[in-house]
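Here's the structure we're looking at; comments come further down.
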Amino acid sequence: MTVSDPYASLGVRRRVNAAGALTRLGGAVMAPEVVEAMAAASRASVDIGELQDAASRRIAEATGAEAGLVTTGAAAALTLAAAASIARWDVAKMAALPHVAADILLPRTHRTGYAHALAASGARLVDIGHNDRGTGAGVRGLEAWEIEAALSPSVVAVGFSANANSIVDLPAVAAVCRANGLPLIVDAAAQLPPKENLKRFIAMGADLVAFSGGKALGGPQASGILAGRRDLVASALLQQLDMDVAPQTWSPPRLIDRANLRGVPHHGIGRGFKAGKEEIVGLLTALDRFVKADDAADNARLEARLKAIAAGLNGHAVTLVSASVTGRVPVLEIAVPDALALSARLQQGDPPVHLSERHASRGVLTLDPQVLLPEHDAPLTEALRAALSWRGLTPTPRSSLSS
């Protein structure tokens with residue numbers, strides 16, 4: 001396999017990714033310094049617990065949390081968060097997972113495919129609240145009494161999926177959790193950027209927050225962050241580490257107070273989520289870059305590229321939506337009838353081109369430049385022109401490059 005182009009030697013096509021940092025397209029394209037850090041990390045042996053201790057300090061600084069853990073993705077972080085909420089310091093419960101009697105409360109509007117990661121711990125997900133605001137049937141969201149009414153001895157945590165719409169409910173949920181001693185687990189996998197969100201959810205009362213490492217952070221695709229309370233992060237780490245150790249010689253990471261344990265646990269439910277030294281170092285390097293980045297300058301450069309692409313579409317109906325509106329990065333919305341058919345044709349091209357289909361139901365394909373390489377701007381524009389011509393779509397006066 002040639003190092004210069006491993007994909008060519010495998011017969012795998014490179015793709016033009018204007019759909020965003022999606023897992024199915026390999027996530028972020030890592031910066032050279034991230035790749036170099038991972039390569040350097042691969043050339044030594046270290047104690048993973050000690051390395052995770054160091055990672056915890058860096059993550060805590062970036063998030064405002066008491067501690068942090070590098071995981072193998074946001075989904076793994078959620079499973080570990082649930083496992084920590086169930087077992088805490090109880091090694092017998094760690095050994096029993098996922099065969100436990102435990103419930104995690106989840107607002108009805110937060111029940112997504114990603115909630116499966118919480119259930120993977122063995123916990124039963126219990127829907128609470130109503131869906132009036134989510135369906136447009138009313139204005140009311142989740143209320144404190146709806147959480148309190150569902151409490152029982154088997155409830156170990158409350159799950160919460162953070163986004164621009166749900167965030168209004170977070171303070172009330174946090175208050176109920178705090179009053180009842182329940183960990184609040186926040187799924188913030190896709191809530192970066194803006195970088196302020198690294199600290200936002202902890203500041204609002206979350207006990208554990210999961211972030212993706214391989215999307216906006218620009219780290220390895222198989223990486224993520226679990227940040228939060230020290231005791232819960234320590235339990236999560238204990239259930240992730242290689243525990244094929246002699247109890248007499250085991251030196252636990254500093255995060256773990258051995259006095260809290262009545263024995264040394266065996267491999268935990270997170271053993272399959274082991275983070276390698278390369279992923280840990282790569283994620284920390286990417287996190288440092290993300291924290292130091294100039295978001296305004298980066299978004300201005302992306303807007304300039306999007307305007308150039310839009311200008312090359314011969315006046316077709318496009319709208320530039322600024323980062324101040326998306327809350328992330330600027331995007332280009334392309335209005336087309338039968339958006340999914342057009343998207344399928346783009347993916348069948350040479351090179352295959354991917355746009356975001358998030359708003360395809362309303363006749364819009366979204367050009368998300370988050371991981372779009374500058375050298376792909378020209379072939380992307382050419383592919384879009386050809387596809388729009390195939391659909392018989394002519395320029396319209398509705399084109400707009402305003403935010």
Side-chain angles (χ1 to χ4, degrees), residues 5-7 10 12-39 41-42 55 59 62 68-80 112-114 116-117 161-163 187-195 197-198 209-227 272-291 293 295 298 302 326-331 343 347 351-358 366-376 380:
D5 192 351
Y7 298 120
L10 291 168
V12 174
R13 294 174 295 170
R14 292 171 179 261
R15 294 169 180 264
V16 174
N17 181 3
L22 304 178
T23 297
R24 62 180 176 273
L25 294 176
V29 176
M30 293 186 292
E33 54 263 49
V34 177
V35 178
E36 291 164 8
M38 294 179 69
S42 72
I59 292 170
L69 170 67
V70 178
T71 69
T72 51
L78 291 174
T79 303
L80 287 168
T112 70
Y114 298 104
H116 193 89
S161 180
N163 58 48
D187 178 358
Q191 298 309 301
L192 299 173
K195 70 179 64 174
N197 279 357
L198 278 171
V209 183
F211 294 105
S212 172
K215 294 185 172 65
L217 280 177
Q221 170 58 18
S223 71
I225 289 174
L226 180 64
F273 301 146
K274 59 184 178 184
K277 56 187 184 293
E278 300 83 6
E279 285 79 20
I280 296 171
V281 170
L283 184 280
L284 294 178
T285 305
L287 178 61
D288 186 57
R289 289 185 77 255
F290 182 81
V291 170
D295 291 345
D298 289 345
L302 289 177
T326 67
R328 298 172 50 255
V329 297
V331 301
S343 182
Q347 293 177 41
V353 170
H354 293 259
L355 300 182
S356 172
E357 299 170 349
R358 183 175 294 272
T366 305
L367 196 166
D368 185 328
Q370 193 170 35
V371 295
L372 179 65
L373 299 175
E375 59 265 33
H376 285 170
L380 169 62

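- Evaluation of the side chain to side chain donor-acceptor pair (under 3.5 Å) rule for Asp295 yields no partner, not counting sequence neighbours.
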Validation: residues 217-225 side-chain donor-acceptor distances under 3.5 Å, sequence neighbours left out:
from: Gln221; atom 1: NE2; to: Thr23; atom 2: OG1; distance (Å): 3.0
from: Ser223; atom 1: OG; to: Pro220; atom 2: O; distance (Å): 2.6

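- The two residues Leu198 and Ala62 make their nearest non-hydrogen contact at CB-O, 3.7 Å.
- Checked against side chain to side chain donor-acceptor pair (under 3.5 Å), Arg358 has no partners two or more places apart in sequence or in another chain.
- Among residues at least two apart or in separate chains, salt bridge (charged side-chain N to carboxylate O under 4.0 Å, His left out) pairs with a member in residues 14-36 are Asp5-Arg14, Glu33-Arg289.
- For Ala77 against Leu226, the heavy-atom pair with the smallest separation is O-CD1, 3.8 Å.
- Across all their heavy atoms, Ser42 and Ala39 have their closest contact at OG-O, 2.6 Å.
- Under the side chain to side chain contact (heavy atoms under 4.5 Å, CB included) criterion, Ala286 pairs with Val34, sequence neighbours left out.
- Partners of Phe273 under the side chain to side chain contact (heavy atoms under 4.5 Å, CB included) rule, at least two apart in sequence or in another chain, are Thr72, Ala76, Thr79, Leu80.
- A search for side chain to side chain donor-acceptor pair (under 3.5 Å) contacts involving Arg328 returns Asp368, Gln370, not counting sequence neighbours.
- In this structure, the side chain to side chain contact (heavy atoms under 4.5 Å, CB included) partners of Pro194, at least two apart in sequence or on a different chain, are Glu196, Asn197.
- Within the structure, the side-chain hydrogen bond (donor to acceptor under 3.5 Å, both in side chains) test picks out no pair touching residues 278-287 (sequence neighbours left out).
- Scanning all heavy atoms of the two residues, the minimum distance from Ala28 to Ala21 falls at N-CB, 4.3 Å.
- Taking both residues in full, the closest heavy atoms of Gly20 and Val371 are given as O-CG2, 3.6 Å, listed atom of the first, atom of the second, then distance.
- By the side chain to side chain donor-acceptor pair (under 3.5 Å) test, Asn17 pairs with no residue at all, sequence neighbours left out.
- Looking at residues two or more places apart in sequence or on another chain, you find a side chain to side chain contact (heavy atoms under 4.5 Å, CB included) between Ser343 and Gln347, Glu357, Leu365.
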